[in-house]
Amino acid sequence: MGLRAERKRITKSPDQRRQEIMDAAVRVFAKRGVHGTTVAHITQAARVAKGTFYLYFDSKEHLLGALKDRFVDQSLEKAGALLERVGREDWWALVDTAIESFADFMLEHRDLLHVFVQEGITEQTSDVFAECHRKLDMMFAAGIQAGVEAGAFETSDPHITAQMIHNALEGTIVNAMLYGDEVDRDRIVTAAKETAHKILAPSGATTPSSA
């Protein structure tokens, strides 16, 4: 009786099941490519019946759209959490934290980013990504502007400066993912911190080590 109780089936919430199907799809897409993946491949990887898949998604394309939306939501949530810390913490420490956080987020989603780029799903082809990129730039710019007003940073154009730092870090990581032998996270992060410090530091001022 006790053994039966231990083996009692654990019922998963609809959201948990949906997330598991999405996670399984990422693994399959990364291995087979979007076009080479079928719903059967996804359900097999997720260990669910096809009928279960269709409770949550109308099609493979619908699931791919859900993956884009989830990635965007998580990106903006992470950036928003960092923006809330602006003015409450050391400026340069927060710059370093933001760079580390952004780099780690991208690396945690390496397989998904690889799928997006390989399939041509980028900010140039997706309104969802383009809007996300715009909002991220605005958030980073707001943080830089606050630093300028506090006298910690110096730049004549916080928005363009935010775009430069954002695009440089993102582009370097994506390029390494696609064409490099491996992504050297620490090397990229260290260089990004040094660059950001140099760009944002007031004339003649020194900043804490970014190492």
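Numbering of residues begins at 1 and proceeds along the displayed sequence.
- Under the 4.5 Å side-chain contact rule for hydrophobic residues, Phe102 and Leu94 share a cluster.
- Residue Val128 comes nearest to Asp69 through the heavy atom pair CG1-OD1, 3.9 Å, listed as atom of the first residue, atom of the second, then distance.
- Atom OG1 of Thr190 is separated from atom CD of Glu100 by 8.5 Å, given to the nearest 0.5 angstrom.
- The environment of CD in Gln44 is sparse: at most 12 heavy-atom neighbours from other residues, nucleotides or ligands sit within 6.0 Å.
- With rounding to the nearest 0.5 angstrom, the CZ atom of Phe116 is 3.5 Å from the CG atom of Leu112.
- Heavy-atom minimum distance, Ala66 versus Arg18: CB-NH2, 3.6 Å.
- One distance of note links CD1 of Ile42 with CZ of Phe29; it measures 4.0 Å at 0.5 Å rounding.
- Ile188 and Met164 fall into different hydrophobic clusters, where Ile, Leu, Val, Met, Phe, Trp and Tyr residues are linked whenever their side-chain heavy atoms come under 4.5 Å apart, directly or through other members.
- To the nearest 0.5 Å, atom CE of residue Met106 and atom CD1 of residue Ile173 are 5.0 Å apart.
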Residue pair Lys135, Glu131: steps toward the side chain to side chain contact (heavy atoms under 4.5 Å, CB included) verdict
CA-CA 6 Å; Lys135 289 180 178 179; Glu131 181 64 11; 3.2 Å; yes
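- Within the 4.5 Å cutoff, side-chain heavy atoms of Val183 are placed close to those of Arg110.
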Hey, can you pull the donor-acceptor pairs under 3.5 Å for the side chains in residues 142-150, sequence neighbours left out?
residue : atom : partner : partner atom : Å
Gln145  : NE2  : Glu149  : OE2          : 3.2

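- In terms of hydrophobic clustering, with Ile, Leu, Val, Met, Phe, Trp and Tyr side chains grouped at heavy-atom distances under 4.5 Å, Leu67 and Val174 are assigned to a common cluster.
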Carefully, step by step, assess Val28 and Lys31 under the rule side chain to side chain contact (heavy atoms under 4.5 Å, CB included).
CA-CA 5 Å; Val28 180; Lys31 181 179 180 180; 5.8 Å; no
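- The nearest pair of heavy atoms linking Tyr56 to Pro14 is CE2-O, 3.3 Å.
- Taking CG of Leu200 as the start and CH2 of Trp91 as the end, the distance is 11.0 Å to the nearest 0.5 Å.
- Side-chain atoms of Lys60 come within 3.5 Å of backbone N or O of Thr37 as a donor-acceptor pair.
- Atom CG in Leu76 sits 11.0 Å away from atom CE in Met138 (nearest 0.5 Å).
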Name each donor-acceptor pair under 3.5 Å that joins a side chain in residues 20-27 to protein atoms two or more places apart or in another chain, with its distance.
residue : atom : partner : partner atom : Å
Glu20   : OE1  : Lys12   : NZ           : 3.0
Glu20   : OE2  : Lys12   : NZ           : 2.9
Asp23   : OD1  : Arg70   : NH1          : 3.2
Asp23   : OD1  : Arg70   : NH2          : 2.9

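- Annotation: Arg134, atom CZ; neighbour count of heavy atoms from other residues, nucleotides and ligands within 6.0 Å is above 12.
- Using a 30° and 60° split on the angle between ring planes, His133 and His166 fall in the parallel class, below 30°.
- Separation of the Phe105 and His109 ring centroids falls under the 6.0 Å cut-off.
- No chain of hydrophobic side-chain contacts below 4.5 Å, direct or via other Ile, Leu, Val, Met, Phe, Trp or Tyr residues, connects Leu136 to Ile160.
- More than 12 heavy atoms of other shown residues, nucleotides or ligands fall within 6.0 angstrom of atom CE in Met177.
- Between Ala162 and Phe140, the closest heavy-atom pair is CB-CB, 3.8 Å.
- A donor-acceptor pair is defined here as one N or O able to donate and one able to accept, closer than 3.5 Å; no such pair exists between the side chain of Ser101 and the backbone of Thr97.
- No more than 12 heavy atoms of other residues, nucleotides or ligands shown are found within 6.0 angstrom of CD on Glu77.
- Residues Val39 and Phe57 have side chains not in contact (no heavy-atom distance under 4.5 Å, counting atoms from C-beta outward).
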Can you list the steps and then say if Phe71 with Leu113 is a side chain to side chain contact (heavy atoms under 4.5 Å, CB included)?
CA-CA 9 Å; Phe71 178 80; Leu113 286 168; 3.6 Å; yes
Go through the steps to decide whether Ile165 and Thr195 satisfy the test side chain to side chain contact (heavy atoms under 4.5 Å, CB included), and finish with yes or no.
CA-CA 8 Å; Ile165 296 173; Thr195 301; 5.9 Å; no
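- Between Asp96 and His197 there is a side-chain heavy-atom pair separated by less than 4.5 Å.
- Here the shortest heavy-atom pairing between Glu154 and Ser203 reads OE2-OG, 2.9 Å.
- At distances below 3.5 Å, at least one donor-acceptor pair connects side-chain atoms of Asn167 with backbone N or O atoms of Gln163.
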Step by step, would you call Asp104 with Arg185 a salt bridge (charged side-chain N to carboxylate O under 4.0 Å, His left out)?
CA-CA 8 Å; Asp104 288 340; Arg185 181 265 187 197; 2.8 Å; yes
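- Summarising the geometry of Ala152 relative to Pro202, their closest heavy-atom pair is O-CD, 3.3 Å, with the distance given to 0.1 Å.
- No side-chain donor-acceptor contact under 3.5 Å links His62 and Ser59.
- In this structure, the side chains of Val95 and Phe153 come closer than 4.5 Å at one or more pairs of heavy atoms.
- The shortest distance between side-chain heavy atoms of Thr155 and Ile199 does not fall below 4.5 Å.
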